[in-house]
Amino acid sequence: MSTGSGPAGGTAGAVFPREHLSGDVLDAARALLGAELVRLPEHPGGPVRTARIVEVEAYRGRDDLASHARMGRTVRNAPMFGPPGHAYVYLVYGMHHCLNVVTGPVGAPAAVLIRAVEPILGIAAMRDARTAAMRRPAALPRDSRLAAGPALVCACLGIDRTASGLDLCDMTSPVHLRSGDAPAIVAAGPRIGIGYAGEPAVSVLWRLADAASPALSRSFA
DNA sequence: CTAATGATGTCCT
DNA sequence: GGACATCATTAGA
């Protein structure tokens, strides 16, 4: 494949520019919509998996009582305090992993949670990885919804805490980002699963998504 | 379609 | 010891 092999055409396929992640976390969240998440083969000869980011949430440290950084720096959230463009992966509810992209300058603990992606390449491998990650046998949804949830993103792409701290703006990283086409219409809503944080954290519209995607984790009312 | 609930390990008080 | 940025199943309208 010499020319015109980009999945979305145009400039898609270029490494994701770190400067899109170095400013405010909401700008970074918006920039990540439409970008591609790339998972290199886990074994020699294995398939490359790629997926389009269609749903994210912004978490701002310090001011944000829903953020893992609200208590300050801990062993778990240390990557949030590091440079932008790196991964912060944590275990939630004792069994699921969630992937975040760290944003903002060093010392400002902000991150964007990847809540849903739409499979592009390596879909069979995503199905297999998802089945293996789930404890109980489960019925699979149609391909477009295989990774319609933050823990499903990690399950489909084989991401766990060993990926925490990886540089996602380095195309040699086993997991990294590529540029893609921004959505035509962006939906906004309150963040999911953070009722404990109280106002104003529960009401602020920091969940963003491609309104046209069939892969969203929940509807936006 | 909605609501209720269990599984399960790590972090923080 | 309590709480948790979730998912899938079950029960019921």
Side-chain angles (χ1 to χ4, degrees), chain A residues 25-26 28-30 32-33 37 51 53-81 86-104 109-119 126-165 168 187-209 214-221:
Chain A
V25 66
L26 281 174
R30 208 173 169 106
L32 284 166
L33 287 176
L37 200 51
I53 297 172
V54 295
E55 181 181 337
V56 298
E57 279 176 1
Y59 287 88
R60 183 135 54 193
R62 195 169 290 128
D63 321 325
D64 185 0
L65 290 182
S67 170
H68 285 173
R70 66 189 180 278
M71 307 287 196
R73 184 181 182 129
T74 64
V75 173
R76 179 175 67 154
N77 68 19
M80 289 183 77
F81 291 77
H86 288 244
Y88 165 45
V89 182
Y90 64 89
L91 187 65
V92 70
Y93 296 112
M95 59 185 84
H96 298 305
H97 297 277
C98 292
L99 170 67
N100 296 255
V101 180
V102 174
T103 74
V112 175
L113 170 67
I114 307 301
R115 280 196 61 88
V117 301
E118 213 172 302
M126 292 186 200
R127 255 200 308 269
D128 293 346
R130 178 185 151 137
T131 299
M134 295 295 154
R135 303 294 193 204
R136 288 179 293 197
L140 287 169
R142 65 179 188 272
D143 286 352
S144 64
R145 295 195 51 80
L146 277 177
L152 299 175
V153 171
C154 288
C156 285
L157 296 179
I159 295 169
D160 62 19
R161 277 171 304 169
T162 65
S164 205
L168 300 173
R191 293 172 293 179
I192 305 295
I194 54 148
Y196 61 89
E199 296 289 357
V202 297
S203 297
V204 98
L205 304 183
W206 288 355
R207 176 183 175 221
L208 304 177
L216 305 188
S217 62
R218 305 191 193 185
S219 74
F220 275 76

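Every chain is numbered from 1 and lettered A, B, ... according to where its sequence line falls, protein lines coming before strand lines.
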> Among dT8(B), dT6(C), dT10(B), which nucleotide sits nearest the side chain of L91(A)?
Replying inline: dT10(B)
>> Can you tell me if S217(A) touches the phosphate of dT6(C), counting only side-chain N or O atoms and a distance under 4.0 Å to OP1 or OP2?
In response: no
> Where each residue is assigned the nucleotide of DNA chain C containing its nearest heavy atom, which of A139(A) and C98(A) is assigned the position nearer the 5′ end?
Replying inline: C98(A)
> In whole angstroms, how far is the C1' atom of dC4(C) from the CG atom of L65(A)?
Replying inline: 16 Å
> Rounded to whole angstrom units, what separation is found between the CH2 atom of W206(A) and the P atom of dA5(C)?
Replying inline: 16 Å
> For dA5(C), does OP1 or OP2 lie under 4.0 Å from any side-chain N or O of Y196(A)?
Replying inline: yes
>> As a test of reading the structure: which of dT6(C), dA8(C), dT10(B) is closest to the side chain of R130(A), going by heavy atoms?
In response: dA8(C)
> Any donor-acceptor pair under 3.5 Å linking the side chain of S217(A) with the backbone of G149(A)?
Replying inline: no
> Rounded to whole angstrom units, what separation is found between the NE2 atom of H97(A) and the C1' atom of dA7(B)?
Replying inline: 15 Å
> Any stacking of Y93(A) on dA7(B), going by centres under 5.5 angstrom and planes within less than 30 degrees?
Replying inline: no
>> With no hydrogens and no angle check, just 3.5 Å: does a side-chain donor-acceptor pair link S144(A) and R142(A)?
In response: yes
>> Check this for me: does the side-chain of Y90(A) come within 3.5 Å of the base of dA5(C) through a donor and an acceptor?
In response: yes
> Between dT6(C) atom C1' and I114(A) atom CD1, what is the distance in whole Å?
Replying inline: 16 Å
> Taking the side chain of M95(A) as heavy atoms from C-beta outward, which of dT6(C), dT8(B), dA5(C) is closest to it?
Replying inline: dT8(B)
> Taking the side chain of M134(A) as heavy atoms from C-beta outward, which of dC7(C), dC11(B), dA5(C) is closest to it?
Replying inline: dC7(C)
> When we call it a touch if two heavy atoms are under 4.0 Å apart, what does A66(A) touch: a base, just sugar-phosphate, or nothing?
Replying inline: base
>> Rounded to whole Å, how long is the line connecting atom CG of L146(A) with atom P of dC7(C)?
In response: 13 Å
>> Are D64(A) and R70(A) packed together at the side-chain level, in the sense that at least one heavy-atom pair is separated by less than 4.5 angstrom?
In response: no
>> Within this structure, what is the CG-CZ distance for the pair L91(A) and R76(A), rounded to the nearest 0.5 Å?
In response: 9.0 Å
> Looking at L140(A), V153(A), L152(A), which hits side-chain contact (heavy atoms from CB on, under 4.5 Å) with L146(A)?
Replying inline: L140(A)
>> Testing H97(A), H96(A), H68(A) one by one against Y90(A) for a ring-ring contact (aromatic ring centres under 6.0 Å, His included), which residue passes?
In response: H68(A)
> Looking at dT6(C), dA5(C), dC12(B), which one has an atom nearest to any side-chain atom of M71(A)?
Replying inline: dC12(B)
> Of all the base pairs, Watson-Crick or G-U under 3.5 Å, which form stems of three or more consecutive pairs involving DNA chain B?
Replying inline: B:1-7 with C:6-12, B:9-12 with C:1-4
> Think R115(A) has a side-chain N or O under 4.0 angstrom from the OP1 or OP2 of dT6(C)?
Replying inline: yes
> Between R145(A) (side chain) and P214(A) (backbone), is there a donor-acceptor pair under 3.5 Å?
Replying inline: yes
> For the side chain of R191(A) and the backbone of A201(A), is there at least one donor-acceptor N/O pair under 3.5 Å apart?
Replying inline: yes
> H68(A) side chain N/O closer than 4.0 Å to the phosphate oxygens (OP1, OP2) of dA5(C)?
Replying inline: yes
> Within this structure, what is the CZ-to-C1' distance between R161(A) and dC4(C), rounded to whole angstrom?
Replying inline: 14 Å
> Atom NE2 of H96(A) and atom C1' of dA3(C): how far apart are they, to the nearest Å?
Replying inline: 16 Å
>> Just the rounded figure in Å: distance from P of dG9(B) to CG of D160(A).
In response: 15 Å
